[in-house]
Structure formats: structure tokens, C-alpha cells
Amino acid sequence: MSAPIRILLVDDHPVVRSGIRAMLLDQPDFALVGEAATGEEGVAEAARLRPDVVLMDLQLGAGIHGGEATRRITGAGPRPPHVLVLTTFDSDSDILAAIEAGATGYLLKDAPPEKLHAAIRSAAAGDSTLAPSVASRLLGRMRAPSATLTGRELEVLGLVAEGLSNRQISKRLFLSETTVKTHLVHIYAKLEVDSRTAAVAAATRRGLIRPA
């Protein structure tokens, strides 16, 4: 028999980890080698345990976001683990951030166990697996790229939704205020709105950003 797929689980909710653990333990070709509750712990455990697949939640409470943890894990060493995002969020901003960070797949937590099992095996083989709603969103962006927001525009708009000013956004993203304003002009044009509030409302309705 071939060696089992070594899995690291990163999620900040103990009850969720318990449920996922139960779904993994009955698969003879899986070995859950570790768990982490924060992004920083996930990065450290991935380096220490060298799993084949990391199951990564995006919202991890205090500390670094799951997207940043994914970036650090996939960027470490010549043969880093494959990261399969397992989350409740399917907004464009979450999806793009995870994929741009190097995630191999993106699955929602309401997926049935057999879908999760198949996605883990695909991730271990280096193949991509996307939840149907995620695949549909990405396909829609490819078909109408001029009408969609770029990853950077989504970042800016997400911070606008959090209530940050242009100056605060520029410091957070290491951009000039002029660049932030330019992004907002493009966002307004694409969403056909004329204010920050309207832009946030329109993007939330379309599922581009997560509701505040």
C-alpha cells in the first residue's frame, strides 16, 4: 500500500475541527498529523510536520488571515504542501485572495464528506478542486473581465466596507492615496455607482465582498 496522505487541519473553532476530524479518520488513506487554531500556528506546524495537504479556513480570529497563512505555506521551501481552503465564505474577494496566495483548491464547509475526501485526494496529487459556486464565479469573471473588479480593487473595497479612510487604506496596502483614489474611480465606474456607500452596497449584493 502507498503511504497515507498526511493532513494538517487549520481552523480556529474546536467544534469544527472535531467534525472535520471525524470525517477524516474513517478514510484508510488519510493520516491527520496535526491541528492548528491560528494562522501563525498553521504556518509553523506546516513547516514542522511537512504534510501533503493543509486544510485551511480563512477566518482564523486574531492574527494572520488564512489567505496570508496560505501564502506563507505555499511559498516555503522547494516542495511545500498543497493547501485546500475549506471555508464558509464564497465572495469574490475571498476566492481571489486564496487562489492568488497559492491555494490548490477551494471548498465550502457545507460540502458532503465524499466531496471533501475527493478534494483532499485531488489536492495531494496537485490537482485543483473548486466548489461549484466558486467555479461559476471564476468562469463569470473570465467571460466578462471588463465588468469585474480586480483583486486589488476588491481589497480596496473590502477596506472601505470596514470603514477605513483613503489614508488608512493607503497605509494598510502600502499604496499612495492617489492610487487608492484611482482604484475607487474604477470601482465606481464598474459598479455604476457614485459613492463609497453605494459601492459597498452594490458589491455586497453581488457577492463580491463579504457582508459587514
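All values derive from a computational prediction rather than experimental measurement. Excluded from the calculations below are hydrogen atoms, water molecules and symmetry mates; all remaining heavy atoms, backbone and side chain alike, are included.
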*asked:* Counting only heavy atoms from other residues, nucleotides and ligands, does the tally under 6.0 Å from CZ of Arg21 exceed 12?
replied: yes

*What pairs with Ile64 under side-chain contact (heavy atoms from CB on, under 4.5 Å), at least two apart in sequence or on another chain?*
Glu40, Val43, Glu68, Ala69, Arg72

*In chain order, what residues pass the ring-ring contact (aromatic ring centres under 6.0 Å, His included) check against His65, with sequence neighbours excluded?*
none

*Could you state the interatomic distance from OG1 (Thr129) to CG (Leu84), rounded to the nearest 0.5 Å?*
7.0 Å

_Please say yes or no: joined through hydrophobic side-chain contacts below 4.5 Å, possibly via intermediate residues, are Leu58 and Val53 part of one cluster?_
no

*Applying side-chain contact (heavy atoms from CB on, under 4.5 Å), name anything that partners Arg196, two or more places apart in sequence or on another chain.*
Val160, Asn166, Ile169, Leu184, Tyr188

*asked:* Quick check against the 3.5 Å criterion: does Glu45 have a side-chain atom that pairs as donor or acceptor with the backbone of Glu41?
replied: no

*asked:* Is it the case that the side chain of Thr74 and the backbone of Ala101 share a donor-acceptor pair, with hydrogens and angles ignored and the cut-off at 3.5 Å?
replied: yes

*asked:* Less than 4.5 Å apart, side chain to side chain, heavy atoms only: is that true for Thr38 and Asp12?
replied: no

_Distance in Å, Leu159 CG paired with Leu173 CG, rounded so as to fall on 0.5 Å steps_ = 5.0 Å

*Any chance you could measure His82, atom NE2, to Asp127, atom CG, to the nearest 0.5 Å?*
8.5 Å

_Side chain proximity check, Arg152 to Leu175, heavy atoms < 4.5 angstrom_ = yes

*How long is the gap from CG on Leu154 to CG on Leu208, to the nearest 0.5 Å?*
6.0 Å

Return all side-chain donor-acceptor pairs below 3.5 angstrom for residues 110-117, not counting sequence neighbours, or 'none' if the list is empty.
{"unit_1": "His117", "atom_1": "ND1", "unit_2": "Pro113", "atom_2": "O", "d": "3.3"}
{"unit_1": "His117", "atom_1": "NE2", "unit_2": "Met23", "atom_2": "O", "d": "2.6"}

*Same apolar cluster: Val200 and Leu191, side chain cutoff 4.5 Å*: yes

*asked:* Minimum heavy-atom separation for Ala36 and Gly42, please, with both atom names.
replied: CB-N, 3.5 Å

*Any chain of hydrophobic side-chain contacts (each under 4.5 Å) joining Leu86 to Val54?*
no

*Output the distance between atom CD1 (Ile73) and atom CE (Met56), rounded to the nearest 0.5 Å.*
3.5 Å

*Might you work through the side chain to side chain contact (heavy atoms under 4.5 Å, CB included) test for Ile120 and Gln27, ending with a clear yes or no?*
CA-CA 11 Å; Ile120 291 172; Gln27 299 299 299; over 6 Å; no

*Is Val83 reachable from Leu130 through a run of I, L, V, M, F, W or Y residues, each pair having side-chain heavy atoms under 4.5 Å apart?*
no

_N/O donor-acceptor pair under 3.5 Å between Ser122 side chain and Ala118 backbone_ = yes

*Can you run down the salt bridge (Lys or Arg N to Asp or Glu O under 4.0 Å) pairs that involve residues 172-189, sequence neighbours left out, and say none if there aren't any?*
Arg167-Glu177

*Roughly how far, to the nearest 0.5 Å, is the CD1 atom of Ile95 from the OH atom of Tyr106?*
5.0 Å

*Would you check if the side chain of Asp52 reaches a backbone N or O of Arg6 as a donor-acceptor pair within less than 3.5 Å?*
yes

*Hey, does the side chain of Thr104 reach the backbone of Ser128 with a donor-acceptor pair shorter than 3.5 angstrom?*
no

*Taking the side chain as every heavy atom from C-beta outward, state whether Val16 and Asp57 have any pair of such atoms under 4.5 Å apart.*
no

*Closest approach of Pro51 to Leu8 (non-hydrogen atoms, all atoms of both residues)*: CG-CB, 3.8 Å

_In one Ile/Leu/Val/Met/Phe/Trp/Tyr side-chain cluster, 4.5 Å: Leu24, Val33_ = no

*Heavy-atom pair of closest approach, residues Leu60 and Asp11*: CD2-CA, 4.0 Å

*For Glu153, check side-chain contact (heavy atoms from CB on, under 4.5 Å) against everything at least two apart and list the hits.*
Leu149, Thr150, His183, His186, Ile187, Lys190

*Residue pair Arg50 / Arg79: nearest heavy atoms and the distance that separates them*: NH2-O, 4.4 Å

*Closest heavy-atom contact between Gly34 and Leu49?*
CA-CD1, 3.8 Å

*asked:* Give me the atom names and distance for the closest heavy-atom approach of Thr70 to Gly102.
replied: CG2-C, 4.3 Å

